[in-house]
Amino acid sequence: MDPESAGSTAPQGVVFQRRVALVVGINRYDNVNMLRNAVADAEAIAGKLEELGFAVSLHRNPNREELGSQLAAFTGSLRDGDLAVVYYSGHGVGVGQTNYLLPSSFRTSYGASDSLVEHLTREAVLLEDFIAGVNRRATASVFLFDACRNNPWADRALRNPRAANGVGRGLAPVDMTRRAGSFVAFAAQPGSTADDGTGDHSPFAAALLAHLAEPVSVGEILDEVAGEVSRATGEQQDPTRESRLRGRVVLTGRVPTEVPRTGPAPSTAVLTHSAVAPLTLLNQPAGAVAPSCPPGMALLQPPAGGFLLGTDIGAANAGEYDGHPRVRVRLSPYCLDTHEVTVARFRGFWSAGHPAPTAGIRYPNGAVIAWSGAVSEPVARSADSICNWTATAGDREDHPINCVDWWTAQGFCAAGGGRLPTEAEWEFAARGSDERSFPWGQEAPGTQRVCWNRRISGTCLSGLFPPTLNGVYDLAGNVWEWVADGWLDRQSAYQAFVVPAGAAPTLDPVIYSDDFQARVLRGGGWYNSAAAGLRAAARFGRAPSSGNFVVGLRCARPPTNSVNP
């Protein structure tokens, strides 16, 4: 018996500040065989969790972009002290040791030049992303996957006969080595499929509905569920589960208003890059309401002591990109777009008259960047162009806008009440307090991580690849992104932020002068062939009037309930 199930069967267990759930059901697929009960199962599970006091986010038949956004929004809302439950019902496939969940838009066929893994990376969502993002933020997380109900290629004649090569039967086991605080359950054993059911619910969902409200541990609930599913399917389907929960986790019961703790009070941070200590918010008066961000933006709250900006790894290793010297700076909380600005989003701005700012753009440290440019339409796309903009809506609406100059980028953000992020804000979002080399960690870039090294192929769909730890997508690859700062050479970029020994690090730095001939770009792009250009500290300079096909943007703004300007 696992540690979470051991001990008394009394309802007492770990006490949580909040209990929240993400529930997804997909049975209406555009290109593969439909499922009978997936959405009904999800709706019933969502209702049961609500009865138990969970705040539930329910989603029916999301496409690829929607599923990724829903996961990022849920992950971004989590904080220390939460119990998070995730239930997914729909198609899933395993390739080697990697599992994928299939959105409603999933296509089975793919081009002869693509591999199966490349196709799944574009079309599906990694099951691991569900586990990793939630597990990093919630105190305890419970995952219930009623997936791999059958092989989505089984009933489909494919134009590409090798499309399903490498797809195993059922899902692969999940590595729980670094999953402390998580409980993962599958409706069937690895390598086996799960029954969709002929009644109102799948066997797995029906058993969950019968036992979720019992005042026993999650492990004991799944013991009962496994036995019931096995009996209902004539021992053809055996659910499996792995637990690394700390303590006894019980789904039912009242959520107290105060949480007994033996250590420090939980951080008020919604998104944190530090697993070492709670964060202290800068510039927040006593008793202030926790800051928040509009939909589509992530709240970033850097540590009060600051973080290290730039690198000192040396020109030989940094290549032509990284900034010097390495300095500690402080940042106030800020909001940042979770996705690069898409063509569709830019089209809304353009259709609304693309207004230019009427005053200077104000930054958190009090600096004001005067408006002296113009808002320009991105370069029109033609048959041989790789700019994504067209005069009318087309097939690139979900790609990042590119071919946008610095003035237009700043004007777009200002029209929505925001601004371009500073270099320091951008780098913290990509690098965090743990000083990772790339937005996803230390590992080198690859086709499952980032849109890059595509020669003349152009951009990828926005949000196609997994998000960073803070739920922000495409901070490497796809398009380079304009930031507010003016360009100084790499060797003296951050000299202005060096302070005397014992002095507090610079707060909310930005380097800008109207005399600067170039502005800074961050993040690397789809055309990059060198990994150095995708590093979280990488920076590049271009004239503000340059609207290159590898250049786009995302916006920042102060959070609500913040004292920042």
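FYI, side chains are in, hydrogens and waters are out, and symmetry mates aren't considered; it's all heavy atoms of this structure.
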Worksheet item: Is any side-chain heavy atom of Leu126 less than 4.5 Å from a side-chain heavy atom of Asn99?
Response: no

Worksheet item: Using a distance-only test with no angle check, is there a side-chain donor-acceptor pair under 3.5 angstrom linking Arg326 and Tyr494?
Response: no

Worksheet item: Ion pair present between Glu481 and Arg522, side-chain N to carboxylate O less than 4.0 angstrom?
Response: no

Item to complete: Nearest 0.5 Å please: distance from the CZ atom of Arg519 over to the CD atom of Glu423.
Response: 12.5 Å

Worksheet item: For Thr422, does its backbone N or O pair with a side-chain atom of Glu425 as donor and acceptor, under 3.5 Å?
Response: yes

Worksheet item: Is any side-chain heavy atom of Pro325 less than 4.5 Å from a side-chain heavy atom of Phe497?
Response: no

Worksheet item: Is the shortest heavy-atom distance from the side chain of Leu336 to the side chain of Trp426 under 4.5 Å?
Response: no

Discussion item. Treating Thr506 as the side-chain partner and Pro509 as the backbone partner, does any N or O pair qualify as donor plus acceptor under 3.5 Å?
Written reply: no

Worksheet item: Does any N or O in the side chain of Ser351 come within less than 3.5 Å of the main-chain N or O of Arg347, such that one atom is a donor and the other an acceptor?
Response: yes

Worksheet item: Can you check whether Glu340's main-chain N or O pairs, donor with acceptor, with Asp337's side chain at less than 3.5 Å?
Response: no

Worksheet item: Shortest non-hydrogen contact from Gly463 to Tyr473?
Response: CA-CD2, 3.5 Å

Worksheet item: Is the closest side-chain donor-acceptor distance between Thr342 and Asp398 under 3.5 Å?
Response: no

Practice prompt. Nearest 0.5 Å please: distance from the CG atom of Asn388 over to the OG1 atom of Thr459.
Written response: 3.5 Å

Item to complete: Would you indicate whether the side-chain heavy atoms of Leu534 and Val450 approach each other to under 4.5 Å?
Response: yes

Worksheet entry | Closest non-hydrogen atom pair, Tyr334 against Cys293 | O-SG, 4.4 Å

Worksheet item: ring pair (Phe, Tyr, Trp, His ring centres under 6.0 Å) between Phe346 and Trp389: does it pass, once the steps are laid out?
Response: CA-CA 9 Å; Phe346 188 88; Trp389 178 255; 5.4 Å; yes

Worksheet entry | Arg431 backbone acceptor or donor facing Arg436 side chain under 3.5 Å | yes

Discussion item. We want to know whether Ser104 and Asn61 form a side-chain donor-acceptor pair, criterion being a heavy-atom distance below 3.5 angstrom.
Written reply: no

Discussion item. Please determine whether side-chain contact (heavy atoms from CB on, under 4.5 Å) holds for the pair Arg330 and Asp508, giving the CA-CA distance in whole Å, both sets of side-chain angles, and the decisive distance to 0.1 Å.
Written reply: CA-CA 6 Å; Arg330 294 178 296 153; Asp508 296 323; over 6 Å; no

Practice prompt. Quick one: closest heavy-atom pair of Ala84 and Leu78, and the distance?
Written response: CB-CD2, 4.1 Å

Worksheet item: Out of Asn402, Asn528, Asn548, which residue meets the side-chain hydrogen bond (donor to acceptor under 3.5 Å, both in side chains) rule with Trp480?
Response: Asn528

Worksheet item: Given the rule in the side-chain contact (heavy atoms from CB on, under 4.5 Å) test, do Arg396 and Thr390 qualify, once you have shown the distances and angles that lead to the verdict?
Response: CA-CA 9 Å; Arg396 311 287 286 180; Thr390 58; 5.8 Å; no

Item to complete: Flag the pair Leu67 / Phe130 as yes when at least one side-chain heavy-atom distance between them is below 4.5 Å, and no otherwise.
Response: yes

Discussion item. Nearest 0.5 Å, please: how far is CE in Met176 from OG in Ser182?
Written reply: 5.5 Å

Item to complete: Please tell me if the side chains of Gln301 and Pro291 come closer than 4.5 Å, counting only heavy atoms from C-beta onward.
Response: yes

Worksheet item: Once the angle between the rings of His354 and Phe349 is folded into 0 to 90°, is it parallel (under 30°), tilted (30 to 60°) or perpendicular (over 60°)?
Response: perpendicular

Item to complete: Go through Trp482 and Phe412 one step at a time and tell me if the ring pair (Phe, Tyr, Trp, His ring centres under 6.0 Å) criterion holds.
Response: CA-CA 12 Å; Trp482 288 116; Phe412 172 90; over 10 Å; no

Discussion item. Can you tell me which residue among Val341, Asp405, Leu521 is in a side chain to side chain contact (heavy atoms under 4.5 Å, CB included) with Leu553?
Written reply: Val341

Discussion item. Test your reading of the model: is there a side-chain donor-acceptor pair from Ser546 to the backbone of Arg542, 3.5 Å cut-off?
Written reply: no

Discussion item. When you measure from the side chain of Asp514 to the backbone of Ala370, do you find a donor-acceptor pair of N or O atoms at a distance under 3.5 Å?
Written reply: no

Worksheet item: Stepwise, does the side-chain contact (heavy atoms from CB on, under 4.5 Å) test hold for Phe145 with Ile131?
Response: CA-CA 11 Å; Phe145 293 110; Ile131 298 175; 4.2 Å; yes

Item to complete: For Asp474 and Val479, indicate whether the former's side chain and the latter's backbone hold a donor-acceptor pair under 3.5 Å.
Response: no

Discussion item. Can you tell me how far apart OG1 (Thr311) and CZ (Arg539) are? Round to the nearest 0.5 Å.
Written reply: 10.5 Å

Worksheet item: Looking only at heavy atoms, which two atoms of His339 and Ser462 are closest? And how far apart?
Response: CD2-OG, 3.4 Å

Worksheet entry | Heavy-atom closest pair, residues Pro62 and Gln70 | CB-OE1, 3.4 Å

Practice prompt. Could you tell me whether the side chain of Asn478 reaches within less than 4.5 Å of the side chain of Trp452, counting heavy atoms only?
Written response: no

Worksheet entry | Shortest non-hydrogen contact between Ser105 and Asn63, atoms and distance | OG-CB, 3.6 Å

Worksheet entry | Interatomic spacing from OG1 in Thr338 to CZ in Arg554 - rounded to 0.5 Å | 7.5 Å

Practice prompt. Could you walk me through whether Trp406 and Ser545 pass side-chain contact (heavy atoms from CB on, under 4.5 Å), step by step?
Written response: CA-CA 6 Å; Trp406 187 88; Ser545 59; over 6 Å; no

Discussion item. Does any part of the side chain of Val551, heavy atoms only, come nearer than 4.5 Å to the side chain of Val404, both counted from C-beta?
Written reply: no

Discussion item. Please report the interatomic distance CD(Gln442) to OG(Ser437), rounded to the nearest 0.5 Å.
Written reply: 4.0 Å

Worksheet entry | N/O donor-acceptor pair under 3.5 Å between Tyr29 side chain and Leu102 backbone | yes

Practice prompt. On the 0 to 90° scale, with breaks at 30° and 60°, tag the Trp526-Phe549 ring pair as parallel, tilted or perpendicular.
Written response: tilted

Fill in: Donor-acceptor contact present, side-chain Glu427 to main-chain Ala424, <3.5 Å
no

